[in-house]
Amino acid sequence: MCRKKETGYYETEYQHIMLKSCKYCGRIHDSKFNCRKKPVRRKIKYTESDKFRRTQKWTDKAVEIKCRDNYLCQACIRELHGTIRKYNHKRLSVHHAIPICDDWDRRLDDDNLITLCSMHHEMAESGEISYEEIKKIIDEQQAKRKDA
């Protein structure tokens with residue numbers, strides 16, 4: 001159906017439709033058409049501990065703990081559980097001896113945090129390095145800090 005605009009040009013009812021090649025199915029259809037081949041994006045649901053790890057408080061505390069531990073993996077220094085390099089300063093992260101989900105109130109306590117390389121962090125998370133070993137190292141680091 002055509003109708004005349006004030007400008008003198010004719011307009012069709014299909015003029016607003018823009019046909020495009022679909023990048024999901026390869027067919028040509030309206031750009032506003034919802035193609036069945038288009039993947040559905042699901043939102044990731046973050047837990048409270050995931051949200052906490054993105055806060056400035058956690059970032060500051062992690063830097064403080066790494067500084068306390070001289071930016072070295074504390075398990076590698078003590079040559080525990082398959083250490084490859086004694087003074088390992090690569091791929092470090094701060095590990096919670098008592099997980100955040102088990103005791104939320106201790107998430108920022110110095111006596112619950114330790115610097116570990118990625119290999120030892122995974123071992124501590126899986127239980128290959130026991131809580132008692134981790135706690136002993138943390139206590140040693142805390143004692144050194146108080147003496148200094």
Side-chain angles (χ1 to χ4, degrees), residues 5 7 11-148:
K5 292 173 102 180
T7 57
E11 174 183 75
T12 65
E13 64 183 86
Y14 299 108
Q15 197 168 14
H16 67 280
I17 295 175
M18 184 172 175
L19 297 177
K20 283 185 146 185
S21 174
C22 179
K23 63 181 177 182
Y24 305 107
C25 69
R27 294 185 173 171
I28 296 175
H29 41 72
D30 181 13
S31 60
K32 293 182 169 103
F33 179 77
N34 190 10
C35 184
R36 289 186 184 138
K37 301 249 181 183
K38 183 177 178 180
V40 178
R41 292 191 178 172
R42 302 191 195 305
K43 282 192 172 183
I44 299 171
K45 293 182 182 177
Y46 294 108
T47 62
E48 284 299 311
S49 58
D50 291 333
K51 291 176 187 174
F52 164 70
R53 286 189 180 95
R54 289 177 179 79
T55 63
Q56 190 62 45
K57 281 184 180 180
W58 170 246
T59 305
D60 294 343
K61 181 55 83 171
V63 169
E64 181 185 328
I65 295 301
K66 287 178 185 177
C67 189
R68 176 196 75 186
D69 295 341
N70 297 316
Y71 286 88
L72 295 169
C73 173
Q74 296 304 301
C76 287
I77 286 175
R78 290 164 178 81
E79 297 181 350
L80 300 174
H81 303 280
T83 297
I84 298 166
R85 170 198 260 158
K86 184 171 181 173
Y87 298 105
N88 189 0
H89 59 88
K90 296 184 178 181
R91 298 175 62 199
L92 298 176
S93 60
V94 177
H95 173 69
H96 288 87
I98 300 171
I100 297 173
C101 57
D102 292 346
D103 192 353
W104 179 259
D105 296 331
R106 298 209 51 212
R107 69 190 182 278
L108 291 171
D109 292 350
D110 290 352
D111 62 343
N112 188 39
L113 300 168
I114 186 171
T115 304
L116 296 173
C117 66
S118 59
M119 179 184 78
H120 285 117
H121 196 171
E122 284 298 317
M123 292 172 83
E125 290 288 331
S126 67
E128 290 178 56
I129 301 175
S130 68
Y131 167 77
E132 289 75 24
E133 285 182 273
I134 296 289
K135 188 63 179 158
K136 182 181 168 194
I137 296 169
I138 292 172
D139 292 341
E140 287 175 18
Q141 289 303 106
Q142 288 292 97
K144 284 182 187 177
R145 186 184 213 183
K146 288 178 184 175
D147 291 342

* Any side-chain donor-acceptor pair under 3.5 Å between D110 and Q142? -> no
* Assess whether side-chain contact (heavy atoms from CB on, under 4.5 Å) is satisfied between K136 and E140, documenting all intermediate values. => CA-CA 6 Å; K136 182 181 168 194; E140 287 175 18; 3.7 Å; yes
* Structure fact -> What one should report as the nearest heavy-atom pair of S21 and G26 is OG-O, 4.1 Å
* Asked: Any donor and acceptor pair, going by atom type alone, linking the side chain of Q74 with main-chain N or O of L72 inside 3.5 Å?
  -> yes
* What are the two closest heavy atoms between T55 and K51, and how far apart are they? -> CG2-O, 3.5 Å
* To do: Test W58 against L108 for side-chain contact (heavy atoms from CB on, under 4.5 Å), laying out the working first.
  => CA-CA 7 Å; W58 170 246; L108 291 171; 4.1 Å; yes
* To do: Quick one: do R78 and E133 satisfy salt bridge (charged side-chain N to carboxylate O under 4.0 Å, His left out)? Show the steps, please.
  => CA-CA 11 Å; R78 290 164 178 81; E133 285 182 273; over 6 Å; no
* **Over 12 non-hydrogen atoms of neighbours within 6.0 angstrom of CG in N34** => no
* **Closest heavy-atom pair and its distance - R106, D111** => NH2-OD1, 3.0 Å
* **Residue pair L113, H96: steps toward the side-chain contact (heavy atoms from CB on, under 4.5 Å) verdict** => CA-CA 5 Å; L113 300 168; H96 288 87; 3.3 Å; yes
* **Spacing of NE2 belonging to H89 relative to SG belonging to C117, to within rounding of 0.5 Å** => 12.0 Å
* Any ion pair linking K45 and D50 (charged N to carboxylate O, less than 4.0 Å)? -> no
* To do: Could you tell me the separation between the CD atom of E79 and the CD1 atom of I77, rounded to the nearest 0.5 Å?
  => 10.0 Å
* To do: Look at the side chain of H120 and the backbone N and O of L80, then say whether any donor-acceptor pair between them is shorter than 3.5 Å.
  => yes
* When rounded to the nearest 0.5 angstrom, what is the spacing between CG in D69 and CD1 in I138? -> 8.5 Å
* Would you sort out whether E64 and K61 count as a salt bridge (charged side-chain N to carboxylate O under 4.0 Å, His left out), showing the intermediate values? => CA-CA 5 Å; E64 181 185 328; K61 181 55 83 171; 3.4 Å; yes
* Quick one: pull up SG in C76 and NZ in K90 and give me the separation to the nearest 0.5 Å. => 12.0 Å
* **Geometric cation-pi criterion, R54 with Y46: 6.0 Å, 45°** => yes
* Side-chain contact, heavy-atom cut-off 4.5 Å: L116 with E122? -> no
* Do the rings of H121 and H95 sit parallel, tilted or perpendicular, given the 30° and 60° boundaries? -> perpendicular
* Looking only at non-hydrogen atoms, find the nearest pair between I134 and A124 and report the distance. => CD1-CB, 4.2 Å
* Got a second to check how far Q141's CD is from N70's CG, nearest 0.5 Å? -> 7.5 Å
* **Shortest non-hydrogen separation from C73 to L92 and the atoms involved** => N-CD2, 3.8 Å
* **M123 side, atom CE; I129 side, atom CD1 - distance, nearest 0.5 Å** => 5.0 Å
* Structure fact -> Closest non-hydrogen contact found for Y24 with C35 is CB-SG, 4.4 Å
* Going through the checks in order, is the side-chain contact (heavy atoms from CB on, under 4.5 Å) test met by R53 and I100? -> CA-CA 10 Å; R53 286 189 180 95; I100 297 173; 3.7 Å; yes
* Check for a donor-acceptor pair, side chain of N112 on one end and backbone N or O of I98 on the other, with a separation under 3.5 Å. => yes
